[in-house]
Number of protein chains: 2
Amino acid sequence: MVTDQRDAGRRLVFSTIRKAGRIARVDLARETGISPATVTSITAELIREGLIEETGPSQDNDLRRGRPRVDLKVRGAARIVAGMKLSHQTIAVALVDFEGTLVGEACLELDRARFKAAELLPLFRRALEHAVSTAGMTMDALAGIGIGMAGTVDAAHGTVYWSPGLSERNVPLREMLMADLDMPVFIDNDANLVAMAEQYFGHGRGVSDFIVLTIESGVGMGIVVNHEIYRGARGCGAEFGHTKVQLDGALCRCGQRGCLEAYVADYALLREAATTTDFADRATTAQKLQSLVEAAQAGDETAKSIFDRAGRMFAMGLANIVNIFDPELIILSGERMQFDYLYAEDVLDGIRKSIVQIDMAPPEVRIHKWGDLMWAKGAAAYAIEGVAEIALQDIAGNAA
Amino acid sequence: MVTDQRDAGRRLVFSTIRKAGRIARVDLARETGISPATVTSITAELIREGLIEETGPSQDNDLRRGRPRVDLKVRGAARIVAGMKLSHQTIAVALVDFEGTLVGEACLELDRARFKAAELLPLFRRALEHAVSTAGMTMDALAGIGIGMAGTVDAAHGTVYWSPGLSERNVPLREMLMADLDMPVFIDNDANLVAMAEQYFGHGRGVSDFIVLTIESGVGMGIVVNHEIYRGARGCGAEFGHTKVQLDGALCRCGQRGCLEAYVADYALLREAATTTDFADRATTAQKLQSLVEAAQAGDETAKSIFDRAGRMFAMGLANIVNIFDPELIILSGERMQFDYLYAEDVLDGIRKSIVQIDMAPPEVRIHKWGDLMWAKGAAAYAIEGVAEIALQDIAGNAA
DNA sequence: GGCAATAATTTACGACCAAAATCAAACTTG
DNA sequence: CAAGTTTGATTTTGGTCGTAAATTATTGCC
């Protein structure tokens, strides 16, 4: 407890710098409420440890009088971390420096979708080694690894209760990976990591309470409350996709009925479409979906009604989230352009009509079309957070 | 910022004492992580200020050797606060001491249900004066007042956006009351205050994340995240009752369709029942409900089916909460015994079947049948929290 | 070139916490 | 029943830390 106060100060200063990107000491003092003297002392310490660096005089100095302010920023070269995402038959890797800039990437195609945990370890390692060598680095340049997986994951304990990519249940994957790779590993539900990507690099910067929704083969949700990912009592991510929108409704992959996912996920759309359309000539799910979207755009009433219902169900589920959470901001984050219909103006309108009316603006809804690497960058953000925590604790330990 | 650390220590020590009820200094030191020396110094300060007191040797001293431990507790007489709840045509008042023990109560019947804000002020005052004089005290014995109202309330700003008891919208009620009564006033949504009552006095003691649901004429929800009431971005409580459980479903009082409330609230049950039953001989809502419950218990199929549907809708809504929040504990809190059917084993079973399955126990569901004063005690708990905060800040101010 | 303005650092000092020592109040034991 | 033991609480002591004030640094302005 002896260095408690200093510790808190360091954390606060460091995270303020990271959130700001670039910031001068004066502003740091003003924002954190810490006195300039202490800011000097803390930043000196962080510079000495190599975690932050000066970037030279601020841009806007010529507008001011007096001694020019010197901006500080996180020192990108301080640490390199990897973010990985296990998707359907692929492992995507992003190498990212301490500032969050991408310094390398790789993608490993897999021959199937489900693996035993023991089979997965060498695959992760291979993907990682590939990314590292392509970037001209070695494995020991990495300070930590973040991993995102679909399914229910207990981030605190690093246990994967269930994942579509794993054929086993209750796998202590984090422990296994840490033993195998010999570096800190952080695992979380992929939707949570997208939320973290938004918080670190996207629309969620500086927003205290927001919600991120992703639509892929399933529907994922990440909740940020008070600047932190909310994980619930059992450490599992929020299961928006299995929110019930219809009593005894459509059958879901999870075995229950009426889940939102059973109305808006790709398999749900395709099984409806299959009633009237023969998709025999289309091989992949993506191709089938593509043709369904095109049919709707061409005016096919059946296809349109499928999307229409999915959109209304989605609006209802989303309105429920708003009614329960009253977030400041909702981010619809994803890469699938063919899902545009879900983000259409009518859907957003449906949400607005379904939330409790007060004389204040409803939460802002933003649509964020990320590229393929979003997931992996989210995982990297999680790794950065964990590695930064370790670094700050190291300083505290050395000082004591 | 100079007494930052001491301030945090004081807060921590005081809240630990309050949570524990009675606790010796050694245990305080162990629980808070603060050194015994500092605990001595802080507790001495709090005793000097009259906020806590020694209660003599602990009960279990004869089981131990060595110097007997001396328990500390919050000094009840330190402050008296009032909690008030505005319900349909009544104002309930609870006078509570700093420990939370009831020292007086009163109830004022009103001649109608909706008032202008300016009309409400003298009514609140009259109810308060009645309670105070009945308890043999004077108004200036009160250190603060907590008020609970149905509707959407911004607790931070003390604004009532809308309430069934107010004929105006966007009323700065807190400001008005503080000016009128000349003491600190704290206002919040009634469901949030029930959550606080559970946190302070009920099943929620020591639980970090839980959810409280109340069913009255509407359906209310209070969310506790990380030991704090979650209020959302716009400061309004969570609107569980207006969560949608059916696309284009039953019409709700709020004007929208498919709200949970439109299936489980008393008016919803009665309007269904009215289709086949003539309630002309029953005057009040409560009497009508009573006869409906009796009919169901007597085996009337129509009545049973009404309750059955309400129960299934309730289970669905509740399961959604679990899927989204994954709380440690859910408390169904209320006073209406006739709503037993909603808490029946089938309903709980329905919830368990509708949540995402992982290999861990589902959240515990507890039913808490409070008396009439629950709401007012919740309001009092809120007032205690606010008044304690003021007291601790005063100490910090004096010290500086 | 000196003055004003603003940023950052250094200095002086008091607040605070924890470890160690001490005091206090019981029980145990011979 | 007196000395020792055990455990709780307080006091003493040493050192860390943060802030205010003073100082130094660096530029713009006249």
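Here is how names work: the chains are called A, B, and so on, in the same order as the sequence lines, proteins then strands, and each is numbered from 1.
Taking atom CG of Leu28(A) as the reference point, atom P of dG18(D) lies 14 Å away to the nearest angstrom. Atom-to-atom, CG of Asp4(B) to P of dC17(D) comes out at 15 Å; the value is rounded to the nearest Å. Taking atom CD1 of residue Ile52(B) and atom P of nucleotide dA9(D), one finds them 12 Å apart after rounding to whole Å. One can place CD1 of Ile47(A) at 13 Å from C1' of dT9(C), the figure rounded to the nearest angstrom. Rounded to whole Å, the distance from CG on Leu12(B) to P on dC17(C) is 11 Å. The CZ-P distance, from Arg25(A) to dT6(C), rounds to 19 Å in whole Å. A straight line from CD1 of Ile23(A) to P of dA8(C) spans 10 Å, rounded to a whole angstrom. Rounded to an integer number of Å, the gap from Arg6(B) CZ to dA18(C) C1' is 13 Å.
Side-chain proximity of Val70(A) to the nucleotides dA19(C), dA9(D), dA8(C) is greatest for dA8(C). Nearest nucleotide to the Arg69(B) side chain, out of dT9(C), dA7(C), dA9(D): dA9(D). Comparing dT27(D), dC16(C), dT10(C) by their nearest atom to the side chain of Pro68(A) picks out dT27(D). Looking at the side chain of Thr40(A), the nearest of the listed nucleotides dT10(C), dA7(C), dT19(D) is dT10(C). Among dG8(D), dG18(D), dC16(C), the nucleotide with an atom closest to any side-chain atom of Gln5(A) is dG18(D). Here the side chain of Thr38(B) is nearest to one of dT10(C), dA18(C), dT10(D), namely dA18(C). In the set dC17(D), dA18(C), dT19(D), dT19(D) carries the atom at the smallest distance from any side-chain atom of Ser35(A).
Between Asp71(B) and Gly66(B), the one whose closest nucleotide on DNA chain D sits nearer the 5' end is Gly66(B).
Between the side chain of Glu364(A) and the main chain of Leu329(A), no donor-acceptor pair closer than 3.5 Å is present. Checking side-chain atoms of Thr16(A) against main-chain N and O of Leu12(A) turns up a donor-acceptor pair under 3.5 Å. Checked by atom type and distance alone, the side chain of Arg75(B) pairs as donor or acceptor with a backbone atom of Gly50(B) at under 3.5 Å.
Ring geometry for Phe14(B) versus Phe98(B): interplanar angle of 30 to 60°, hence tilted.
With hydrogens and angles ignored, no donor-acceptor pair closer than 3.5 Å exists between the side chain of Arg67(B) and the base of dA26(C).
For the atom pair Arg25(A) CZ and Leu72(A) CG, the distance stands at 4.5 Å (nearest 0.5 Å).
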